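Just below is one structure, and these are the notes that go with it.
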Amino acid sequence: MNLLEARGVCKHFGGLEAVSEVDFDLPRGEIHAIIGPNGAGKTTFVSLLCGRLGVTAGTIRFDGEDVTGLPAWRRVRQGIAYTFQITSIYPRLSVRQNVAIAADGVHTQGITKQRLREILERVDLAERADEIAGNLAYGHQRLLEVAMGLALDPRLLILDEPTQGLSDAEIARFCDLVRDIARDATVLLIEHNMSVVMELAARITVLDRGRVLASGTPAEIHENADVQAAYLGGGVPA
Ligand SMILES: Nc1ncnc2c1ncn2[C@@H]1O[C@H](COP(=O)(O)OP(=O)(O)O)[C@@H](O)[C@H]1O
Ligand SMILES: [Mg+2]
């Protein structure tokens, strides 16, 4: 059964159709990538999934339940976490405090010390738990954002361009982390780095001008002529 299903989803900003008639199925446990040119509607689409924006038309079902009308905070409690929902880190607070604050979104009693430690270990920040978040290197700040997402105990974790600005070594570690997360959650990844997409994603959806241009396995997408035409006038970046 699909964890998430979108049908006929549209989002209009005035006259602009940022997302048009999108149908989207996300099987449980999958790592799925959304790719597409800048302005294609990727961020708008995942904002509709997590409830940061309301749809103009269409329906979104999560775990069999219609969540289309639910506010973001209720979708978080159902297990949909979007890294942008956390906005970003609180730079004057410690790493530990950032994760604890994020967890308040779902744990009304507060997160346990043990759970907090597990999360920080998972993203390799346990040794930096008491550092001030604003003093962390950029790559570590991105990992802290992922930790804040994990603090919400997501069943679906949506990551919007998580590898942007990371070094090659950080990207390789990040890929390992996403695979680890996907052992007990479904991951929806908006990603520009095609080698990350090809390595991680079981399936890919290509958005272009608010519509689904193609969806399929990495191999199918790589061969797809429409996708090649939409990207840089030909040739999916390697
Ligand atoms: N809040 C908004 N108000 C008006 N237009 C918006 C808003 N958010 C996004 N857009 C427009 O919608 C289109 C899709 O944007 P976006 O979803 O951010 O694309 P992507 O994430 O694929 O780069 C763009 O033309 C963008 O300018
Ligand atoms: Mg975007």
Side-chain angles (χ1 to χ4, degrees), residues 4 6-26 31-60 67-73 75-76 80-89 138-139 141-143 145-146 148-149 154 156-166 171 174 178 186-198 200-201 203-216 218 221-222 224 226-237:
L4 183 116
R7 289 292 174 272
V9 166
C10 301
K11 181 64 180 181
H12 299 174
F13 294 114
L16 174 75
E17 294 186 24
V19 172
S20 293
E21 295 290 335
V22 169
D23 293 337
F24 180 75
D25 287 334
L26 185 54
I31 301 177
H32 192 105
I34 297 183
I35 66 171
N38 277 333
K42 303 180 297 296
T43 294
T44 303
F45 179 61
V46 298
S47 298
L48 299 172
L49 299 181
C50 72
R52 194 166 147 248
L53 293 172
V55 300
T56 304
T59 57
I60 297 160
V67 298
T68 319
L70 294 187
W73 65 270
R75 293 191 215 188
V76 168
I80 304 179
Y82 175 36
T83 47
F84 269 19
Q85 234 159 359
I86 304 145
T87 312
S88 66
I89 60 167
Y138 179 77
Q141 293 190 2
R142 301 305 305 251
L143 290 171
E145 284 175 6
V146 175
M148 291 165 80
L156 170 60
L157 181 63
I158 302 174
L159 300 166
D160 196 342
E161 303 197 17
T163 66
Q164 204 182 24
L166 298 189
I171 288 174
F174 186 82
V178 170
T186 304
V187 177
L188 181 58
L189 183 73
I190 297 178
E191 181 58 61
H192 277 300
N193 182 322
M194 286 306 289
S195 55
V196 170
V197 170
M198 293 294 168
L200 285 179
R203 286 190 314 132
I204 298 169
T205 295
V206 186
L207 286 185
D208 184 36
R209 283 170 282 180
R211 292 178 183 274
V212 176
L213 182 69
S215 70
I221 294 303
H222 196 72
N224 187 296
D226 292 338
V227 176
Q228 296 191 4
Y231 263 99
L232 312 168
V236 176

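Since the model is a prediction, treat every value here as computed from it, not as a measurement. Ligands are counted one by one from 1 in listed order, and the atoms in each one are counted from 1 as well.
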Exercise. Could you walk me through whether Leu200 and Leu189 pass the side-chain contact (heavy atoms from CB on, under 4.5 Å) test, one step at a time?
Key: CA-CA 9 Å; Leu200 285 179; Leu189 183 73; 3.9 Å; yes

Self-check item: Student check: side-chain heavy atoms of Val227 and Ile204 closer than 4.5 Å
Solution: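 They are not in side-chain contact.
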
Practice problem: May I ask you to decide if Val9's main-chain N or O and Glu21's side chain share a donor-acceptor pair within less than 3.5 Å? | Solution: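 Answer holds: no.
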
Quiz item: Any donor and acceptor pair, going by atom type alone, linking the side chain of Thr56 with main-chain N or O of His12 inside 3.5 Å?
Solution: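 Checked: pair present.
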
Practice problem: Considering non-hydrogen atoms only, spot the tightest contact between Pro37 and Leu207 and give its length. | Solution: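 Closest approach of Pro37 to Leu207, heavy atoms only: CD-O, 3.4 Å.
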
Exercise. Report, as yes or no, whether the 6.0 Å neighbourhood of atom CZ on Arg7 holds more than 12 heavy atoms from other residues, nucleotides or ligands.
Key: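 Counting other residues, nucleotides and ligands, CZ of Arg7 exceeds 12 neighbours.
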
Atom pairs and distances, ligand 1 N/O vs protein N/O under 3.5 Å:
{"residue": "ligand 1", "atom": "17 (O)", "partner": "Thr44", "partner atom": "N", "Å": "2.9"}
{"residue": "ligand 1", "atom": "17 (O)", "partner": "Thr44", "partner atom": "OG1", "Å": "2.6"}
{"residue": "ligand 1", "atom": "19 (O)", "partner": "Gly41", "partner atom": "N", "Å": "3.2"}
{"residue": "ligand 1", "atom": "21 (O)", "partner": "Thr43", "partner atom": "N", "Å": "2.9"}
{"residue": "ligand 1", "atom": "21 (O)", "partner": "Thr43", "partner atom": "OG1", "Å": "3.0"}
{"residue": "ligand 1", "atom": "22 (O)", "partner": "Ala40", "partner atom": "N", "Å": "3.1"}
{"residue": "ligand 1", "atom": "22 (O)", "partner": "Gly41", "partner atom": "N", "Å": "3.0"}
{"residue": "ligand 1", "atom": "22 (O)", "partner": "Lys42", "partner atom": "N", "Å": "2.9"}
{"residue": "ligand 1", "atom": "22 (O)", "partner": "Lys42", "partner atom": "NZ", "Å": "2.7"}
{"residue": "ligand 1", "atom": "23 (O)", "partner": "Gly39", "partner atom": "N", "Å": "2.8"}

Quiz item: Measuring to the Mg ion (ligand 2), does Thr43 have an N/O/S atom at a distance below 2.8 Å?
Solution: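 It does; at least one qualifying atom falls short of 2.8 Å.
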
